[in-house]
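Each remark here refers to the structure printed beneath this line.
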Amino acid sequence: MPPLALYTFGVLKSPLADPAPLTREFYDVGEAVYEKISQHPGHLAHAQAADGERGSHFEMDWGAWGEFVVPTWYDKGRTVETTALAATLSLWTGLRPAFDAIYTGQHREALNRRYDWFERRGHPGYVFWWVPDGVTPTWQDGVTRLEHLHAHGSAPHAFTFHDSFTPDGTPARKNGVGPNSDRAH
């Protein structure tokens, strides 16, 4: 079975460099949550800066994950001092492991607080798609698919848990895939 790519994107209420308590809290919580998710069964890989450096997402070398880009609706800063976003790009063995990692434990607790940290923009916050074996998805792939999802809704090319698809493009919701089901493929 091919791997499943997941791209997430959110616009923060304040820049990551802001010393305000909520920004610091998000950053601290995010580090712990991301580390826990990367150890979850079914997690294959996630985009990391090639040199391990921190800074503006836009200035980092992401290696095979490509140049860092953002959706057209992101209208905040692009420097270390002004960047106000959170984005992830990861690979999973399937929907069930991704679902379990996202909707349980520390990540679930963080999701419950997302509106403390993130602006409500009316755009999807995540998108899934299947990638061929051996292919590393790029940030551009994630942005393109998230924008497609926003403009056209779920399709085999770009989908959500609620309206998911199997690798061959068959709708999977009828098979019990999604946050309200007890199975995800």
Side-chain angles (χ1 to χ4, degrees), residues 1-13 26 29-30 32-34 36-47 65 69-75 84-133 135-185:
M1 183 192 268
L4 181 70
L6 168 61
Y7 172 71
T8 66
F9 186 84
V11 179
L12 294 165
K13 290 181 176 181
F26 169 76
V29 167
V33 167
Y34 208 59
K36 187 76 170 169
I37 280 186
S38 69
Q39 298 168 0
H40 196 277
H43 178 267
L44 298 173
H46 62 270
W65 302 92
V69 294
V70 294
T72 55
W73 62 80
Y74 177 73
D75 57 2
L85 63 86
T88 65
L89 180 57
S90 56
L91 285 171
W92 295 85
T93 57
L95 281 167
R96 170 49 68 188
F99 177 86
D100 290 345
I102 291 166
Y103 287 103
T104 60
Q106 289 178 309
H107 193 271
R108 178 64 192 173
E109 291 171 20
L111 273 179
N112 290 339
R113 300 220 29 232
R114 68 186 169 272
Y115 297 121
D116 291 344
W117 304 313
F118 292 94
E119 294 180 357
R120 294 179 190 218
R121 291 258 174 151
H123 299 279
Y126 74 95
V127 65
F128 285 110
W129 71 99
W130 297 100
V131 297
D133 285 324
V135 171
T136 301
T138 65
W139 290 108
Q140 183 63 60
D141 295 335
V143 167
T144 299
R145 289 168 193 269
L146 189 69
E147 289 177 342
H148 183 275
L149 177 67
H150 177 67
H152 306 288
S154 281
H157 177 77
F159 56 90
T160 66
F161 278 121
H162 292 287
D163 295 304
S164 55
F165 293 83
T166 63
D168 69 2
T170 304
R173 184 70 179 141
K174 67 181 180 188
N175 295 326
V177 175
N180 298 323
S181 72
D182 62 350
R183 290 187 355 204
H185 301 270

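One is the number of the first residue; the rest follow in order along the sequence. Everything numeric here is computed off the predicted structure, so don't read it as measured data.
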For residues His123 and Phe9, establish whether the separation of their ring centroids is below 6.0 Å. no

Evaluate Leu4 against Thr93 for side chain to side chain contact (heavy atoms under 4.5 Å, CB included), listing each step before the verdict. CA-CA 6 Å; Leu4 181 70; Thr93 57; over 6 Å; no

Centroid separation His157 to Trp129 less than 6.0 Å: no

At their closest point, which heavy atom of Ala110 faces which heavy atom of Val29, and how far apart are they? CB-CG1, 4.1 Å

Given side chain to side chain contact (heavy atoms under 4.5 Å, CB included), test Phe159 with Leu149 step by step and report yes or no. CA-CA 7 Å; Phe159 56 90; Leu149 177 67; 5.6 Å; no

Please name all residues satisfying side-chain contact (heavy atoms from CB on, under 4.5 Å) with Val135, sequence neighbours left out, ordered by chain then number. Pro132

Mind running side chain to side chain contact (heavy atoms under 4.5 Å, CB included) on Trp117 and Arg113 for me, showing each step along the way? CA-CA 7 Å; Trp117 304 313; Arg113 300 220 29 232; 3.7 Å; yes

Can you name the nearest heavy-atom pair linking Ser154 to Thr160, along with the distance? OG-N, 3.4 Å

Could you go through Asp141 and Thr138, starting from their C-alpha distance and side-chain angles, then the distance that decides it, and tell me whether this counts as side chain to side chain donor-acceptor pair (under 3.5 Å)? CA-CA 5 Å; Asp141 295 335; Thr138 65; 3.2 Å; yes

Return the orientation label for the His46 and Tyr34 ring planes: parallel under 30°, perpendicular over 60°, tilted otherwise. perpendicular

Do the side chain of Trp130 and the main chain of Phe165 share a donor and acceptor less than 3.5 angstrom apart? yes

Minimum heavy-atom distance between Trp65 and Pro137, given as atom pair plus value: CE3-O, 3.2 Å

Quick check for you: to the nearest 0.5 Å, what is the distance between Phe99 atom CZ and Thr104 atom OG1? 8.5 Å

Answer with yes or no after comparing the ring centroid distance for Tyr126 and Tyr7 against a 6.0 Å cut-off, counting only values under it. no

Taking the six-membered ring for Trp, are Trp73 and His150 closer than 6.0 Å centroid to centroid? yes

Can we say Arg121 and Asp75 salt-bridge, meaning some charged N sits less than 4.0 Å from an Asp/Glu carboxylate O? yes

One should read off an interatomic distance between Ser90 OG and His40 NE2, to the nearest 0.5 angstrom, of 12.0 Å

Would you find a donor on one side and an acceptor on the other, under 3.5 Å apart, between the side chain of Lys13 and the backbone of Ala84? no

For residues Asp163 and Pro171, determine if any side-chain heavy atom of one lies less than 4.5 Å from a side-chain heavy atom of the other. no

Heavy-atom side-chain proximity of Asp116 to Phe26 below 4.5 angstrom: no

Pairwise distance CD1(Ile37) to OG1(Thr88) - rounded to 0.5 angstrom: 8.0 Å

So, does Thr170 use its side chain to make a donor-acceptor pair with the main chain of Thr166 at under 3.5 Å? no

Minimum heavy-atom separation for Leu91 and Pro3, please, with both atom names. CD2-CB, 4.1 Å

From Leu85 CG over to Phe118 CZ, what is the distance, rounded to the nearest 0.5 angstrom? 9.0 Å

Determine yes or no for a side-chain-to-main-chain donor-acceptor pair under 3.5 angstrom, with Glu147 supplying the side chain and Thr72 the backbone. yes

Value for NE2 (His107) from CZ (Arg114), rounded to nearest 0.5 Å, stands at 9.5 Å

Do Pro2 and Pro167 have side-chain heavy atoms sitting under 4.5 Å apart? yes

Show, in sequence, the C-alpha distance, side-chain angles and deciding distance for Trp92 and Leu6, and conclude whether the side chain to side chain contact (heavy atoms under 4.5 Å, CB included) test is met. CA-CA 8 Å; Trp92 295 85; Leu6 168 61; 3.9 Å; yes

Grab the two heavy atoms, one from Val127 and one from Gly142, that are nearest each other, plus how far apart they are. CG1-O, 3.9 Å

Testing the basics here: between Ala155 and His148, what is the closest heavy-atom pair and its distance to 0.1 Å? CB-CE1, 4.3 Å

With heavy-atom distances below 4.5 Å as the criterion, would you say the side chains of Gln140 and Thr144 are in contact? yes

What's the separation between atom CG in Leu95 and atom CD1 in Ile102, rounded to the nearest 0.5 Å? 9.5 Å

